[in-house]
Amino acid sequence: MRKIVIAGNWKMFKTQAESQEFLKEFLPALEETPQEREVLLCVPFTDLSVLSMSLHGSLVQLGAQNVHWAENGAYTGEISAPMLTEIGVRYVIVGHSERRQFFGETDQTVNLRLKAAQNYGLTPILCVGETKQQRDAGETESLIISQLDKDLIDVDQTNLVIAYEPIWAIGTGDTCETTEANRVIGLIRSQLKNPDVPIQYGGSVKPNNIDEIMAQPEIDGVLVGGASLEPASFARIVNYQ
Ligand SMILES: O=C[C@H](O)COP(=O)(O)O
């Protein structure tokens, strides 16, 4: 039985004060959430330590949005895996398309970050997905297979989550057809050594499409951007039918 993982990615949103306001409304809305659903919030670095305390004893796990491959060193602006685990972080997003697009992340650095995260007991969420141009050119399958081939070299597939995020669906309201997301996620699964890796869909997931997305047999969860910033909307997503 594959694990269900519902993750919010706050990206570069929410001060510490705003994060506390969010939790006041969000946590009480999870009283009836099935315990077997893994729920996590991947938050900015400044929010991590305060959320680590606020989430203690709740159903919600803590996630970061990036991790460096070195244990420490002269890497201004980066953060290491032991710095994250020390304060209770359990998950980390690696290779999000925004990091690949705006911050020079390559398949090689993604691979290094994945292995470093696992070495310290973090569970990485590897993001893969195609641009609109690649989709229109019929390159979706080859691009994703290439990303998986390079990103997963020597990566432990027993401690891994993958998120399929078509870049054209991120923040656009233009959700990928659920059957198409299911098809691509099936393709991703067929490339893995471990078929039990949870594979999420991400890209304009909202309260009004979550039930249909989660009804697809290959989809094991979602990685949610914009809709995870509103407590009621993220709670509705977590509590999908
Ligand atoms: O990590 C989350 C994704 O980039 C999706 O963002 P979105 O839900 O705002 O489209």
Side-chain angles (χ1 to χ4, degrees), residues 4-14 18-19 22 26 38-45 47-48 51 60-67 84 89-103 105 110 113-114 117 122-135 140 143-144 147 151 160-178 180-182 184-185 188 197-214 216 219-240:
I4 298 293
V5 185
I6 311 288
N9 173 13
W10 281 358
K11 308 192 178 186
M12 197 175 72
F13 290 96
K14 292 199 190 295
E18 289 165 344
S19 75
F22 175 95
F26 179 64
E38 188 83 324
V39 179
L40 49 138
L41 285 169
C42 300
V43 303
F45 292 136
D47 291 338
L48 286 172
L51 255 72
V60 184
Q61 302 291 341
L62 192 55
Q65 300 173 11
N66 191 21
V67 63
L84 296 175
V89 174
R90 299 275 308 279
Y91 287 84
V92 61
I93 297 171
V94 176
H96 191 281
S97 59
E98 287 151 14
R99 299 231 36 105
R100 294 181 192 253
Q101 188 182 351
F102 302 126
F103 301 101
E105 193 80 82
V110 166
R113 292 183 202 276
L114 290 172
L122 288 164
T123 302
I125 301 174
L126 165 65
C127 300
V128 296
E130 79 287 358
T131 62
K132 176 87 170 70
Q133 201 180 16
Q134 288 163 331
R135 172 158 284 262
T140 299
L143 181 273
I144 286 172
Q147 286 183 324
D151 297 352
L160 177 69
V161 175
I162 294 178
Y164 168 53
E165 295 210 312
I167 295 169
W168 48 272
I170 295 176
T172 58
D174 192 10
T175 324
C176 184
E177 286 285 328
T178 50
E180 174 59 7
N182 189 65
V184 177
I185 288 176
I188 293 172
V197 171
I199 309 179
Q200 302 172 307
Y201 167 75
S204 296
V205 175
K206 305 289 176 200
N208 65 8
N209 58 26
I210 184 65
D211 298 339
E212 192 186 330
I213 291 168
M214 290 307 296
Q216 294 294 323
I219 301 182
D220 304 322
V222 283
L223 181 56
V224 186
S228 74
L229 295 170
E230 287 296 321
S233 93
F234 193 47
R236 171 63 184 87
I237 289 169
V238 168
N239 294 324
Y240 73 86

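Both counts, for ligands and for their atoms, begin at 1 and track the order of listing. None of these values were measured; they are calculated from a predicted model. Numbering starts at 1 and runs along the sequence shown. All values below were derived from every heavy atom in this structure, side-chain atoms included, with hydrogens, water molecules and symmetry-related copies excluded.
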Query raised in the report: If you round to the nearest 0.5 Å, how far is OG of Ser19 from CH2 of Trp10?
Result: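 Reported value, rounded in 0.5 Å steps: 5.0 Å.
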Query raised in the report: How far does OG1 of Thr140 sit from CD of Gln134, to the nearest 0.5 angstrom?
Result: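 That separation rounds to 7.5 Å.
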Distance under 4.0 Å to a non-hydrogen atom of [X]: what atoms of ligand 1 satisfy this?
X: Gly226; result: 7 (P), 8 (O), 9 (O)
X: Gly171; result: 7 (P), 9 (O), 10 (O)
X: Asn9; result: 1 (O), 2 (C)
X: Gly203; result: 5 (C), 10 (O)

Query raised in the report: Got a salt bridge between Arg100 and Asp151, using NZ or NE/NH1/NH2 to carboxylate O under 4.0 Å?
Result: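 Looking at Arg100 and Asp151, the cut-off is met.
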Report task. Only counting residues at least two apart or in another chain, list the ones meeting side-chain hydrogen bond (donor to acceptor under 3.5 Å, both in side chains) with Glu105. Result ->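 With neighbours one apart ignored, the set is Thr109, Arg113.
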Report task. Measure the distance from atom 8 (O) of ligand 1 to every protein heavy atom, then report the residue, atom name and distance (to 0.1 Å) of the closest one. Result ->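 Atom 8 (O) of ligand 1 sits closest to the protein heavy atom Gly225 N, 2.9 Å.
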Requested in this report: Among all protein heavy atoms, pick out the one at the shortest distance from atom 2 (C) of ligand 1; state its residue, atom name and that distance to 0.1 Å.
Outcome: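 Residue, atom and distance for the closest contact: Glu165 OE2, 3.2 Å.
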Query raised in the report: With sequence neighbours excluded, what pairs up with Asn208 under the side chain to side chain contact (heavy atoms under 4.5 Å, CB included) test?
Result: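 Here the qualifying residues are Lys206.
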Report task. Examine Thr172 against ligand 1 and note whether any of their N/O atoms are separated by less than 3.5 Å. Result ->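 Looking only at distances, the answer is no, because the N/O contact criterion of under 3.5 Å is not met.
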Query raised in the report: Has ligand 1 got any nitrogen or oxygen that is less than 3.5 angstrom from a nitrogen or oxygen of Glu98?
Result: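 Such a contact does not occur with ligand 1.
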Report task. For the pair Tyr201 and Thr175, evaluate side chain to side chain contact (heavy atoms under 4.5 Å, CB included) and give the outcome as yes or no after the intermediate values. Result -> CA-CA 10 Å; Tyr201 167 75; Thr175 324; 3.6 Å; yes
Report task. Please name the pair of heavy atoms, one in Gly63 and one in Leu48, separated by the smallest distance, quoted to 0.1 Å. Result ->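 Minimum heavy-atom contact is O-CD2, 3.5 Å.
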Query raised in the report: Does Ala227 have a heavy atom less than 4.0 Å from any atom of ligand 1?
Result: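 Heavy atoms of Ala227 never come under 4.0 Å of ligand 1.
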Report task. Would you check whether Lys11 reaches within less than 4.0 Å of ligand 1, judged by its heavy atoms? Result ->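 Lys11 counts as a contact of ligand 1 under the 4.0 Å cut-off.
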